[in-house]
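Chain letters run A, B, ... following the sequence lines, proteins first, then strands; residues in each count from 1.
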Amino acid sequence: MEFNAIYVIVVREFKKFIRERSRLFSAIARPLLWLFIVGGGMSRIVPAGEGVSYIQFIFPGILGLTILFSSIFSSISIIWDKEFGFMKEILVAPVSRFSVVVGKATSGMIISTIQAVIVLGLFPFIGLQLSFVQFFSAVLICALLGFTIASFGILLASYYESYESFSVIMNFIVMPMFFLSGAMYPVKLLPSVLKIAAKANPLTYGIDALRNVILPMETGRMSSDFSIYSDVLIIIAIAVVFVFVGGKAFERKQ
Amino acid sequence: MKIITVKNLVKTFGHIRAVDDISFDVEEGSIFGFLGPNGAGKTTTINILCTLLAPTSGHASLNGHDCNKESAEVRKSIGIVFQDSSLDKDLTARENLLFHAYLYNVDKSERKKRIGDALSFVDLEDRADDLVRKFSGGMKRRLEVARGLIHRPKVLFLDEPTLGLDPQSRANLWEFITELPRKHAVTIFMTTHYMEEAEACDNIAVIDKGKIIALGSPTDLKKIIGGDIIYIKTDDNKKAMSDIKKVIEADVSEKDGEIYLSSLKGDLCIPVIIREIGERVISVRMQRPTLNDVFLKLTGKEIRDETATPEDNIKEAVRSYRRRH
């Protein structure tokens with residue numbers, strides 16, 4: 001492990017994130033729109049479950065959305081780096097591709113966790129009560145999920161060379177991932193084909209883990225779909241696979 | 001000592017043989033130039049040497065390490081300035097250098113000093129904490145050279161280092177580059193299609209369509225041309241030509257009102273001619289052969305002396321458009 005390299009890759013991403021205020025602003029605005037406008041509207045027609053209202057039900061999903069977008073954004077920056085040449089500076093350095101992937105995934109994790117914590121702090125406004133342990137566990141899960149999604153994004157980025165592919169990734173990968181993650185509706189109520197797709201989606205387990213931690217009181221149809229242990233285990237396993245495959249994908253020479 | 005050894009190197013992309021069986025050595029501490037037109041295979045060769053591309057066949061080693069198999073060792077020994085900028089424009093000059101120092105594991109106690117030295121060496125101390133986005137082309141290129149030296153590499157690769165710069169920045173940067181081997185004990189491997197730059201190299205490989213067509217020092221290469229060309233204007237060229245032929249054995253011809261002849265030792269030839277046709281001479285000039293003449297003779301075409309191809313301009317325009325949106 002080349003800690004100096006990982007450290008400096010993270011510092012660079014973080015500095016750029018802080019300098020780009022509009023990015024932080026839109027990263028916070030997006031979940032707010034979903035939570036209060038979509039959630040607020042939908043809760044008029046969706047009856048409450050056994051203990052939580054619809055807006056409370058989608059709260060973990062909105063956290064997942066925040067992480068999904070900011071982690072993918074962060075790792076997709078690799079495509080920008082390729083386009084503007086900076087990637088070459090990294091690729092000719094005596095640093096293993098594995099460290100580059102870990103560095104980038106860690107950056108995505110930190111940046112998306114910061115944003116998720118801000119959104120998580122809104123819990124009193126939707127009538128939730130969270131203990132310190134619940135809050136802290138939710139942050140941990142957010143970080144874990146952030147790392148996994150970021151490593152997935154790196155894998156994607158390693159196959160795309162140009163900026164134009166960005167909208168393809170957004171429309172055909174990121175949005176379907178969100179809609180098929182149980183963020184807006186319980187996976188157990190999905191038709192069986194969609195259920196299979198949802199189960200193949202790493203985001204599903206992250207959101208389910210958050211739901212386990214944040215909404216333990218729900219017992220009915222809006223409850224979590226899997227146990228917290230299987231959720232966490234699956235997220236970690238997926239992260240390991242993505243980091244490994246991502247590192248290999250970067251390694252290849254033409 | 002040989003710091004780079006290349007043997008029968010081939011690189012194909014589909015049907016295109018970008019590098020076609022080339023072999024050469026580079027002497028430690030020298031400036032080695034790769035001269036050729038755009039698309040000749042210069043950048044491909046650099047990419048193989050700096051471990052970014054795997055060769056199709058053949059062998060390349062740098063500082064005793066195989067460029068394909070011992071990537072990590074080779075990467076530690078080299079610094080690179082690519083044709084396109086590889087700076088992060090959203091970081092400051094100092095931050096770019098710091099990033100590099102960490103990436104190359106420069107010792108903590110050394111980091112600050114080396115970065116300070118590098119900035120003063122390229123005369124960018126005043127701008128150290130400005131975003132690179134605000135830098136001119138020449139400043140960026142200088143910063144890249146400084147960055148390439150931070151980890152004290154054995155070989156510094158410069159891919160068209162002065163491309164796209166205005167004449168003054170070009171001259172400044174060039175002067176600075178030629179001092180590097182002496183000041184930093186580094187070997188320079190550079191590509192160029194500017195003749196003046198190639199002239200200043202210790203050794204040159206002239207490359208065209210993936211093949212090396214000539215290899216040697218600039219002086220050696222110019223011998224291919226057959227020496228200096230002397231131009232003489234007289235009041236009666238016809239008569240002068242026949243008089244010159246009496247004293248010198250050379251092909252003497254006339255073009256645009258001037259007699260011209262080529263000679264291996266032009267400087268010794270002129271006095272002989274003057275003694276023979278003395279009072280009738282109006283003007284005499286001698287031209288030393290240039291590498292352009294060499295290239296012309298070897299390939300039958302000139303190296304276009306362009307700053308950027310139209311395609312490059314479009315690429316740059318698209319990029320700057322994206323940066324703004």
Side-chain angles (χ1 to χ4, degrees), chain A residues 1-24 74 76-104 106-107 161-167 247-248 250-254, chain B residues 11-13 44 46-56 68 70-92 95-96 98-108 111 131-132 140 144 147-148 151 153 157 159 315 318-319 321-323 325:
Chain A
M1 281 290 233
E2 291 133 332
F3 289 107
N4 268 343
I6 296 173
Y7 168 78
V8 81
I9 289 172
V10 173
V11 169
R12 166 175 178 251
E13 294 293 326
F14 197 70
K15 271 193 177 148
K16 293 178 74 154
F17 173 69
I18 291 174
R19 279 175 197 168
E20 230 176 296
R21 301 241 168 74
S22 61
R23 189 168 147 203
L24 181 66
S74 169
I76 292 290
S77 68
I78 287 176
I79 298 179
W80 269 255
D81 286 345
K82 284 187 191 172
E83 185 97 356
F84 295 126
F86 190 76
M87 202 62 208
K88 277 190 175 170
E89 154 79 352
I90 298 175
L91 290 182
V92 293
V95 170
S96 79
R97 304 300 181 242
F98 179 70
S99 299
V100 176
V101 173
V102 171
K104 278 278 180 184
T106 309
S107 323
E161 291 297 329
S162 80
Y163 180 83
E164 283 75 19
S165 42
F166 183 70
S167 67
K248 284 280 160 209
F250 262 91
E251 196 76 59
R252 75 204 141 111
K253 292 180 185 177
Q254 283 162 329
Chain B
K11 178 68 188 176
T12 58
F13 296 104
T44 306
I46 282 205
N47 282 344
I48 293 172
L49 288 172
C50 70
T51 78
L52 284 180
L53 277 178
T56 308
N68 191 28
E70 298 167 274
S71 303
E73 291 305 315
V74 171
R75 285 179 194 156
K76 277 180 203 159
S77 330
I78 58 174
I80 307 157
V81 177
F82 292 104
Q83 211 168 69
D84 298 319
S85 164
S86 67
L87 295 164
D88 188 334
K89 295 176 194 65
D90 296 320
L91 296 181
T92 65
E95 285 167 347
N96 267 291
L98 201 60
F99 185 90
H100 190 88
Y102 271 98
L103 216 52
Y104 282 78
N105 241 328
V106 172
D107 221 41
K108 198 179 172 190
R111 251 177 244 148
L131 291 182
V132 170
K140 281 189 214 161
E144 286 199 82
R147 183 178 68 176
H151 58 286
F157 287 95
D159 195 1
K315 242 161 77 184
V318 171
R319 280 179 187 170
Y321 173 81
R322 280 180 195 152
R323 273 195 289 272
H325 294 267

- Task: Could you pull out all residues at least two apart from A/R19 that satisfy salt bridge (Lys or Arg N to Asp or Glu O under 4.0 Å)?
- Result: B/E95
- Query: What do you reckon, are the aromatic ring centroids of A/F86 and B/F82 less than 6.0 Å apart?
  - Reply: no
- Query: Is chain A contacted by the side chain of B/L131, its backbone, both, or neither, given a heavy-atom distance below 4.5 Å?
  - Reply: side chain
- Task: Return the set of residues passing side chain to side chain donor-acceptor pair (under 3.5 Å) with B/D159 (not counting sequence neighbours), or none when no residue passes.
- Result: B/T43, B/T191
- Message: Using every non-hydrogen atom in the two residues, find where B/K89 and A/F84 come nearest and quote the distance to one decimal.
- Response: NZ-O, 4.1 Å
- Under 4.5 Å to a heavy atom of chain B? For A/F3 that would be neither
- For A/E89 and B/S86, which heavy atoms make the closest approach, and how far apart are they? CB-O, 3.8 Å
- Query: Roughly how far, to the nearest 0.5 Å, is CG of A/L91 from CG of B/L52?
  - Reply: 6.5 Å
- Query: B/R75 and A/V95: which non-hydrogen atoms are nearest, and at how many Å?
  - Reply: NH1-O, 4.0 Å
- Item | Residue B/H100 versus chain A: region with a heavy atom under 4.5 Å | both
- Item | Side chain, backbone, both or neither of B/L87 within contact of chain A (heavy atoms, under 4.5 Å) | backbone
- Checking A/I90 against chain B: side chain, backbone, both or neither under 4.5 Å from a heavy atom? both
- Query: Given the rule in the salt bridge (charged side-chain N to carboxylate O under 4.0 Å, His left out) test, do B/D88 and A/K16 qualify, once you have shown the distances and angles that lead to the verdict?
  - Reply: CA-CA 10 Å; B/D88 188 334; A/K16 293 178 74 154; 2.9 Å; yes
- Item | Top contributor to chain A contacts, counting heavy-atom pairs under 4.5 Å, from B/G148, B/S85, B/C50 | B/S85
- Message: Please identify, among A/K15, A/M87, A/E20, A/E2, the residue contributing the most non-hydrogen atom pairs under 4.5 Å to chain B.
- Response: A/K15
- Task: Report the C-alpha separation of B/L103 and A/V8 in whole Å, then their side-chain angles, then the decisive distance to 0.1 Å, and conclude whether the side chain to side chain contact (heavy atoms under 4.5 Å, CB included) test is met.
- Result: CA-CA 7 Å; B/L103 216 52; A/V8 81; 4.2 Å; yes
- Spacing of A/I9 atom CD1 and B/Y102 atom OH [to the nearest 0.5 Å]: 13.0 Å
